[in-house]
Amino acid sequence: MTTRAAPHLPAGPARATAGAGFRQSLALAWRSLIQLRNNPWELADYSIQPVMFVLLFTFVFGGAIAGSSDGYLDYALPGVIVMNMLFVTLYVGMGLNEDLTQGFFDRLRSMPLAAWAPLAGRILADTVKQAWSIVLLLGIGFLLGFRVQSSVFHVLAAVGLILVAALAFSWVTILIGLLATSPTQTQLYGYSIIFPIAFVSSVFVPADTMPDWLQPIAEGNPVSTLTDAVRGLLSGAPFVDDALASLIAALAITVVAVPICLTILRRTT
């Protein structure tokens, strides 16, 4: 009998250098991606759910909100892409929690790994899966009649902006995964946070259509600024202010969440 060899993790010194930590992160990201060959249904979570979001919100709510499904698709598709990004990042926290509860981190602890490499590796793998979901949604939108009103550069900028936001928010789901006691609990806590953030925003409707007391919350929601930036990049509308605000929010989330996650991880493992 033979067993499949695990991807080689570049060994570093007792205290891994930044270069060694980067190589280790890539190796761990590859470990996560290579598992798709043995379990291709895992990719279905990044494919079926986003397509369902587009179809359901466009054809069920489009007529009531915008008067027609076609008219609503142009507004809703960028928002659905952003919302799906939030939900997909939850798999990072769930996967991390599974690694912790099943002893994978106990094996990593005996190796000279950078403290941040396991977390960064999982986030890098998730970024590849995020890119797949974005491309899939844009393709489905095109088939349904969505048309980009800007250049290829603007489309690439929109994809890049979403991936930057995904990298930042992944640290939030990692924090949830570190605090939860099981993948199921991670999912429960994650949905409890993501649902209000996603829906109290301009993802599906303009913020100025909400009650007066709710409008400031929706307008100040980073999900709203990200959605408006992506919407502007794809439609040719102004986007600079919203894009800058989204980048600042991503940086702030990363600066706050990363040290907390690393501290908890050291205490946990």
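All heavy atoms count here, side chains included; hydrogens, waters and symmetry mates do not.
Residues Ser202 and Asp228 have side chains that bring a donor and an acceptor to within less than 3.5 angstrom of each other.
Using a 4.5 Å heavy-atom threshold, the side chains of Leu144 and Phe59 count as touching. Inter-residue side-chain proximity for Val54 and Asn84 is flagged as unmet; no heavy-atom pair is nearer than 4.5 Å. Put simply, the side chain of Arg122 does not reach to within 4.5 Å of the side chain of Ile174, judged on heavy atoms. You'll find the side chain of Ile123 reaches within 4.5 Å of the side chain of Trp171, heavy atoms only.
Aromatic ring centres of Phe57 and Phe204 lie closer together than 6.0 Å. Taking the six-membered ring where the residue is Trp, the centroids of Phe87 and Tyr191 are separated by under 6.0 Å.
With rounding to the nearest 0.5 angstrom, the CD atom of Gln49 is 5.0 Å from the OH atom of Tyr91. For the atom pair Gln187 CD and Ser192 OG, the distance stands at 10.0 Å (nearest 0.5 Å). To the nearest 0.5 Å, atom OG of residue Ser224 and atom CD of residue Gln215 are 11.5 Å apart. Between Ile217 atom CD1 and Ile197 atom CD1 the span is 12.5 Å, to the nearest 0.5 Å.
Around the CZ atom of Phe142, the shell of radius 6.0 Å holds no more than 12 heavy atoms that belong to other residues, nucleotides or ligands.
Cluster annotation: Tyr75 and Leu56 are assigned to the same hydrophobic cluster (Ile/Leu/Val/Met/Phe/Trp/Tyr, side-chain heavy-atom contacts under 4.5 Å, transitive). Taken together through direct or relayed side-chain contacts under 4.5 Å among Ile, Leu, Val, Met, Phe, Trp and Tyr, Leu178 and Val256 form part of one hydrophobic cluster. Leu156 and Ile81 are assigned to two separate hydrophobic clusters, defined by single-linkage of ILVMFWY side chains at heavy-atom distances under 4.5 Å.
Nearest heavy-atom pair, Val205 versus Met210, reported as atom, atom and distance to 0.1 Å: CG2-CE, 3.9 Å. Residues Val92 and Ser170 approach most closely at CG2-OG, 4.0 Å, considering heavy atoms.
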Item to check | Derivation and outcome, side-chain contact (heavy atoms from CB on, under 4.5 Å), residues Ile193 and Thr173 | outcome: CA-CA 10 Å; Ile193 295 173; Thr173 62; over 6 Å; no

Checklist entry - Given the rule in the side-chain contact (heavy atoms from CB on, under 4.5 Å) test, do Ile194 and Phe169 qualify, once you have shown the distances and angles that lead to the verdict? => result CA-CA 10 Å; Ile194 291 174; Phe169 198 78; 4.0 Å; yes

Give every donor-acceptor pair under 3.5 Å between a side-chain atom in residues 236-255 and any protein atom, sequence neighbours left out.
{"unit_1": "Ser246", "atom_1": "OG", "unit_2": "Leu226", "atom_2": "N", "d": "3.2"}
{"unit_1": "Ser246", "atom_1": "OG", "unit_2": "Asp242", "atom_2": "O", "d": "2.9"}
{"unit_1": "Thr254", "atom_1": "OG1", "unit_2": "Ala250", "atom_2": "O", "d": "2.8"}

